Amino acid sequence: MITGHRGAASLAPENTLVSIEHAARAGAKWIEIDTQLSADGIPMVFHDKTVNRCTNGTGNIADLDLTTLKTLDAGSWFSSEFSGTTIPTLSEALDKCLELDVTLNLEIKIYDDKAIQPLVETVIALVEQKQFPIEKLLISSFKKEALSLCQQMMPEVKRGFICEVWNDFSLASLQPLDLYSIHIDHRILDEKTAKAIKASGAILKIWTLNDPQLAAKYFNLGVDNIITDVPNQF
């Protein structure tokens, strides 16, 4: 099982509709994207705190409104082939995932804890409004508070905790969240940790593995899903 990271981040500008299309074309059945709110409260699909790296603009996503964000070129930085590509709204991305029949791993991207509640509430409201199939959605986050709020508001939605640090107390602290999956940095995953996570009943995902030759090693550890920039190579 392969998840295309930010769509297919090696094949097209990350977190764009064309990147989602490239991942699906490469055979990925899962797509991972990030969402955060614009200044006027619209959930946008974007990873960084600022638009500086992946567009021709500057400033924080949270300080720019939808109209301004939609004027930015989010493709030329990657390649002139993608000139004019725009930052998608989450609504557009949900429609694209339905069109392509892929399962969405939606990361709640938090740069300010004050954004947790408005972002989660807006995302859940949009999912409900669109009647997005619950079996096609997994909401993930580094923030336990975001997952807890998802659990309260939409208990039937699958939830995944993302981590880049692990210790012997991690599983105990996650138990109240009733997680579907744990998404761990592949560089810190060892046999002991993998066994503990699998024994808890959680699906084990790793990020971001871009070397297909290592796939067998991680599958042998019990990894269920590889999040990668290069779904085509797997």
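Sequential numbering from 1 along the given sequence is applied to the chain's residues. Predicted model, so just to flag it, every value in this text is computed and none were measured.
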S.K.: Does the W77 side chain pair with the main chain of A74, one donor and one acceptor, at a distance under 3.5 Å?
M.R.: yes

S.K.: Tell me, please, which residues at least two apart from K205 pass salt bridge (Lys or Arg N to Asp or Glu O under 4.0 Å).
M.R.: none

S.K.: To the nearest 0.5 Å, what is the distance between CG (D178) and OG (S148)?
M.R.: 11.5 Å

S.K.: Rounded to the nearest 0.5 Å, what separates atom CZ in F161 from atom CD1 in I197?
M.R.: 10.5 Å

S.K.: Sequence neighbours excluded, which residues qualify as ring-ring contact (aromatic ring centres under 6.0 Å, His included) partners of H47?
M.R.: none

S.K.: State whether the side chain of D48 and the backbone N or O of V51 hold a donor-acceptor pair below 3.5 Å, judged by distance alone.
M.R.: no

S.K.: Mind listing the closest non-hydrogen atom pair of C97 and L104 along with its distance?
M.R.: SG-CD1, 4.0 Å

S.K.: Tell me if a side-chain donor or acceptor on T228 pairs with a main-chain N or O of L209 at a distance below 3.5 Å.
M.R.: yes

S.K.: Hydrogens and angles aside, do D40 and S38 bring a side-chain donor and acceptor to less than 3.5 Å of each other?
M.R.: yes

S.K.: Thinking salt bridges, do D185 and R187 make one under a 4.0 Å N-O criterion?
M.R.: yes

S.K.: Tell me whether S79 contacts the main-chain N or O of E81 through its side chain, where contact means a donor paired with an acceptor under 3.5 Å.
M.R.: yes

S.K.: According to a hydrophobic-cluster definition based on side-chain heavy atoms being under 4.5 Å apart (Ile, Leu, Val, Met, Phe, Trp, Tyr only), do I33 and V120 belong together?
M.R.: yes

S.K.: Distance alone, cut at 3.5 Å: any donor-acceptor contact between the side chains of H183 and S181?
M.R.: yes

S.K.: Ignoring hydrogens, what is the shortest heavy-atom contact between C163 and I182? Give both atom names and the distance.
M.R.: SG-CG2, 4.2 Å

S.K.: Is a side-chain N or O of E32 found less than 3.5 angstrom from the main chain of G7, in a donor-acceptor match?
M.R.: no

S.K.: Stepwise, does the side-chain contact (heavy atoms from CB on, under 4.5 Å) test hold for D73 with S76?
M.R.: CA-CA 6 Å; D73 181 337; S76 293; 2.6 Å; yes

S.K.: With rounding to the nearest 0.5 Å, note down the distance linking CZ in R159 to CG in L137.
M.R.: 11.0 Å

S.K.: Do the side chain of Y218 and the main chain of H186 share a donor and acceptor less than 3.5 angstrom apart?
M.R.: yes

S.K.: Answer yes if L11 and L100 sit in the same cluster of Ile, Leu, Val, Met, Phe, Trp and Tyr residues linked by side chain heavy atoms under 4.5 Å apart, and no otherwise.
M.R.: no

S.K.: Of all the heavy-atom pairs spanning I42 and T89, show the shortest one and how long it is.
M.R.: CG2-CG2, 4.2 Å

S.K.: Mind listing the closest non-hydrogen atom pair of N210 and Q233 along with its distance?
M.R.: O-OE1, 4.3 Å

S.K.: Mind jotting down which residue pairs meet the salt bridge (charged side-chain N to carboxylate O under 4.0 Å, His left out) criterion with at least one end in residues 208-229? Sequence neighbours excluded, please.
M.R.: K198-D224

S.K.: Tell me whether D112 contacts the main-chain N or O of A115 through its side chain, where contact means a donor paired with an acceptor under 3.5 Å.
M.R.: no

S.K.: For residues I2 and I162: do they belong to one hydrophobic cluster (side chain heavy atoms under 4.5 Å, members Ile, Leu, Val, Met, Phe, Trp, Tyr)?
M.R.: no

S.K.: Once salt bridge (charged side-chain N to carboxylate O under 4.0 Å, His left out) is applied, what residue pairs with a partner in residues 86-104 remain, sequence neighbours excluded?
M.R.: E21-K96, K70-E92, D95-K130, K96-E99, D101-K136

S.K.: Hydrophobic cluster membership, with links at side-chain heavy-atom distances under 4.5 Å among I/L/V/M/F/W/Y: are L17 and L94 in one?
M.R.: yes

S.K.: Which residue pairs pass the side chain to side chain donor-acceptor pair (under 3.5 Å) test with at least one member in residues 7-20, sequence neighbours excluded?
M.R.: R6-E14, E14-R53, N15-D34

S.K.: Would you tell me whether T3 and N105 have side-chain atoms, one donor and one acceptor, within less than 3.5 Å of each other?
M.R.: no

S.K.: Just by distance, do the side chain of E164 and the backbone of F142 share a donor-acceptor pair under 3.5 Å?
M.R.: no

S.K.: Nearest 0.5 Å please: distance from the CG atom of L72 over to the CG atom of N56.
M.R.: 5.5 Å

S.K.: Quick check against the 3.5 Å criterion: does S141 have a side-chain atom that pairs as donor or acceptor with the backbone of I108?
M.R.: yes

S.K.: Assess the residue pair I226 and T208 against the criterion (side-chain contact (heavy atoms from CB on, under 4.5 Å)); give the C-alpha distance rounded to whole Å, side-chain angles, the decisive distance to 0.1 Å, and a yes or no.
M.R.: CA-CA 7 Å; I226 292 172; T208 304; over 6 Å; no

S.K.: Nearest heavy-atom pair of L171 and A196: which atoms, and what distance?
M.R.: CD1-O, 3.4 Å

S.K.: How would you list, by chain and number, every residue that makes a ring-ring contact (aromatic ring centres under 6.0 Å, His included) with F132, sequence neighbours excluded?
M.R.: none

S.K.: Say you draw a straight line from CD1 of I203 to CG of L138; how long is it, rounded to the nearest 0.5 Å?
M.R.: 10.0 Å

S.K.: Ion pair present between K109 and E107, side-chain N to carboxylate O less than 4.0 angstrom?
M.R.: yes

S.K.: We want to know whether T50 and N60 form a side-chain donor-acceptor pair, criterion being a heavy-atom distance below 3.5 angstrom.
M.R.: no

S.K.: So, Q129 side chain and I124 main chain: donor-acceptor pair closer than 3.5 Å or not?
M.R.: no

S.K.: According to a hydrophobic-cluster definition based on side-chain heavy atoms being under 4.5 Å apart (Ile, Leu, Val, Met, Phe, Trp, Tyr only), do M44 and L119 belong together?
M.R.: no

S.K.: To the nearest 0.5 Å, how far apart are CG in L64 and CZ in F46?
M.R.: 9.5 Å

S.K.: Any non-hydrogen side-chain atom of E191 less than 4.5 Å from a side-chain atom of L221?
M.R.: yes

